[in-house]
Amino acid sequence: MIVGRPQISASILSADFADLGHEVERAVSGGADSIHLDVMDGHFVESITFGPAVAAAIHPHAGGLPVHSHLMVSQPLRHVRAFADAGSDLIVFHVEGDDDPDEVIRAVRASGRGVGLALNPETDAAAARPYLAQIDLLLVMTVHPGRGGQRFLAEVLPKMRALRDEIDDRGLALPIGVDGGVNLDTIAAAHQAGGEVLVVGSGLYGHAGNLRPVVDALRGRAEVSKPGA
Ligand code: DX5
Ligand code: ZN
């Protein structure tokens with residue numbers, strides 16, 4: 001089991017959208033490991049959030065932390081260049097989307113950014129299998145994408161653990177991210193099942209002021225759980 005130290009990725013979906021620069025800085029000074037941007041187009045998912053212009057505006061506030069753009073959009077291929085230009089370090093797209101994943105992976109690579117592949121809760125692990133050697137993050141959704149503040153779907157955990165085992169058996173150094181419903185009550189289970197990059201939205205931004213105690217508590221809860229145990 002090659003799972004590293006748990007990393008907290010701050011999803012700004014539940015942040016104050018009128019004050020995003022400051023909200024990102026709160027995550028940075030709170031000790032988050034990366035910033036997670038949920039891009040929704042009103043088509044792949046019902047909601048609409050923001051696009052590359054907002055991602056670019058946020059970037060200078062990220063204090064050098066990696067910025068992950070999670071594209072919940074149709075035809076992600078059309079948007080790769082814009083998010084790369086906006087400074088996203090990692091561009092995550094869904095295997096359920098309408099573009100050929102191989103083509104999207106090639107486009108992200110050509111842009112010089114890292115590639116993430118996301119898997120909806122009901123999507124079989126087999127859908128990710130052909131791409132595991134070509135990506136930098138496998139993002140396992142533990143809610144149905146589209147909204148923050150939903151309940152963690154623990155039934156996804158066996159799939160995640162199976163993927164973790166498969167990745168390890170193949171000797172790949174691919175981290176798994178967990179996205180949706182991660183909070184103080186669920187983070188240990190998420191980490192134990194092999195999740196290394198723990199995306200937290202409402203579990204962070206539901207708190208006002210200094211986020212350091214929340215980030216420390218989340219990491220602490222994850223750390224006491226032994227991956228693979
Ligand atoms: C859901 C998004 C998540 C969301 C998680 O579609 O992909 O990143 O922000 O929010 P919480 O942590 O509130 O479930
Ligand atoms: Zn997300």
Side-chain angles (χ1 to χ4, degrees), residues 2-4 6-13 32-41 44-45 49-52 54-56 58-59 62 64-121 123-142 145 156 159-160 162-164 166-180 190 194-199:
I2 317 170
V3 175
Q7 294 179 28
I8 306 299
S9 190
S11 164
I12 60 160
L13 189 58
D33 298 290
S34 58
I35 305 297
H36 180 101
L37 308 183
D38 286 310
V39 178
M40 305 186 190
D41 67 349
F44 183 78
V45 291
T49 53
F50 50 79
V54 171
I58 284 172
H59 193 254
L65 288 187
V67 175
H68 300 173
S69 286
H70 175 193
L71 306 187
M72 286 161 274
V73 303
S74 298
Q75 297 184 284
L77 202 49
R78 294 170 60 204
H79 304 286
V80 165
R81 169 53 58 191
F83 281 93
D85 290 347
S88 303
D89 299 277
L90 189 82
I91 298 177
V92 185
F93 71 99
H94 274 259
V95 74
E96 302 85 4
D98 36 17
D99 287 329
D100 171 15
D102 278 311
E103 235 183 296
V104 183
I105 291 170
R106 271 199 299 277
V108 177
R109 287 270 171 250
S111 77
R113 305 304 186 177
V115 189
L117 185 71
L119 215 56
N120 280 340
T123 302
D124 202 87
R129 194 161 291 139
Y131 312 107
L132 296 178
Q134 305 170 49
I135 57 176
D136 304 296
L137 180 76
L138 179 65
L139 189 68
V140 175
M141 299 300 302
T142 39
V156 176
K159 173 175 83 178
M160 204 164 99
L163 279 161
R164 179 74 260 161
E166 179 170 345
I167 290 164
D168 293 344
D169 289 347
R170 289 173 58 181
L172 302 170
L174 172 65
I176 290 184
V178 190
D179 189 9
E196 188 172 332
V197 178
L198 301 144
V199 178

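Note that the structure is a prediction, hence the values are computed from the model and not measured. Excluded from the calculations below are hydrogen atoms, water molecules and symmetry mates; all remaining heavy atoms, backbone and side chain alike, are included. Just so you know, residue 1 is the first one in the sequence shown, and it goes up from there.
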Heavy-atom side-chain proximity of Tyr131 to Leu138 below 4.5 angstrom: no
Could you check whether Asp124 pairs with Arg129 (Lys NZ or Arg NE/NH1/NH2 to Asp/Glu carboxylate O, under 4.0 Å)? no
Kindly give the heavy-atom pair with the smallest separation between Leu65 and Ser34, and that separation in Å. CD1-N, 4.1 Å
Scanning both residues in full, the closest heavy-atom pair of Ile135 with Leu174 reads O-CD1, 3.4 Å
So Val115 and Gln134, side chain to side chain contact (heavy atoms under 4.5 Å, CB included) or not? Walk me through it. CA-CA 8 Å; Val115 189; Gln134 305 170 49; over 6 Å; no
pair Phe50-Ile12: side-chain heavy atoms closer than 4.5 Å: yes
Nearest-0.5 Å distance that lies between atom CG in Leu117 and atom CD1 in Ile91: 13.5 Å
Examine distances only and state if a side-chain atom of Ser88 and a backbone atom of Phe83 form a donor-acceptor pair shorter than 3.5 Å. yes
Please list all pairs meeting salt bridge (charged side-chain N to carboxylate O under 4.0 Å, His left out) that have one or both residues in residues 87-107, counting only residues at least two apart or in different chains. none
Trace of the side chain to side chain contact (heavy atoms under 4.5 Å, CB included) decision for Asp33 with Ile8: CA-CA 5 Å; Asp33 298 290; Ile8 306 299; 4.1 Å; yes
Pair Val199, His68 - check side chain to side chain contact (heavy atoms under 4.5 Å, CB included), show working. CA-CA 10 Å; Val199 178; His68 300 173; over 6 Å; no
Passes salt bridge (charged side-chain N to carboxylate O under 4.0 Å, His left out), Asp136 versus Arg113? Steps please. CA-CA 10 Å; Asp136 304 296; Arg113 305 304 186 177; over 6 Å; no
Quick check: closest heavy atoms across Pro145 and Val45, and the distance to 0.1 Å? O-CG1, 3.6 Å
Between His79 and Ser69, is any pair of side-chain heavy atoms under 4.5 Å apart? no
Without swapping roles, check the side chain of Ser9 against the backbone of Leu198 for a donor-acceptor pair under 3.5 Å. no
Rounded to the nearest 0.5 Å, what's the gap from NE2 on His94 to CG on Leu139? Could you check? 7.0 Å
Can you give me the closest heavy-atom contact between Asp41 and Val73, atom names plus distance? OD2-CA, 3.2 Å
I'd like to check Pro66 versus Leu90 (side-chain heavy atoms, cut-off strictly below 4.5 Å). Are they in contact? no
Mind checking what makes side chain to side chain contact (heavy atoms under 4.5 Å, CB included) contact with Ala110, not counting sequence neighbours? none
How are the rings of His70 and His36 set to each other: parallel, tilted or perpendicular (split at 30° and 60°)? perpendicular
Over all heavy atoms of both residues, which pair between Ile176 and Gly194 is shortest? Give the atoms and the distance, please. CB-O, 3.6 Å
Give me the atom names and distance for the closest heavy-atom approach of Lys159 to Asn120. NZ-O, 2.9 Å
Kindly write out the residues that satisfy salt bridge (charged side-chain N to carboxylate O under 4.0 Å, His left out) with Arg81, not counting sequence neighbours, or none if the list is empty. Asp85
Side chains of Leu119 and Leu163: closer than 4.5 Å at any heavy-atom pair? yes
Indicate yes or no: at least one non-hydrogen side-chain atom of Asp38 is less than 4.5 angstrom from one of Met72. yes
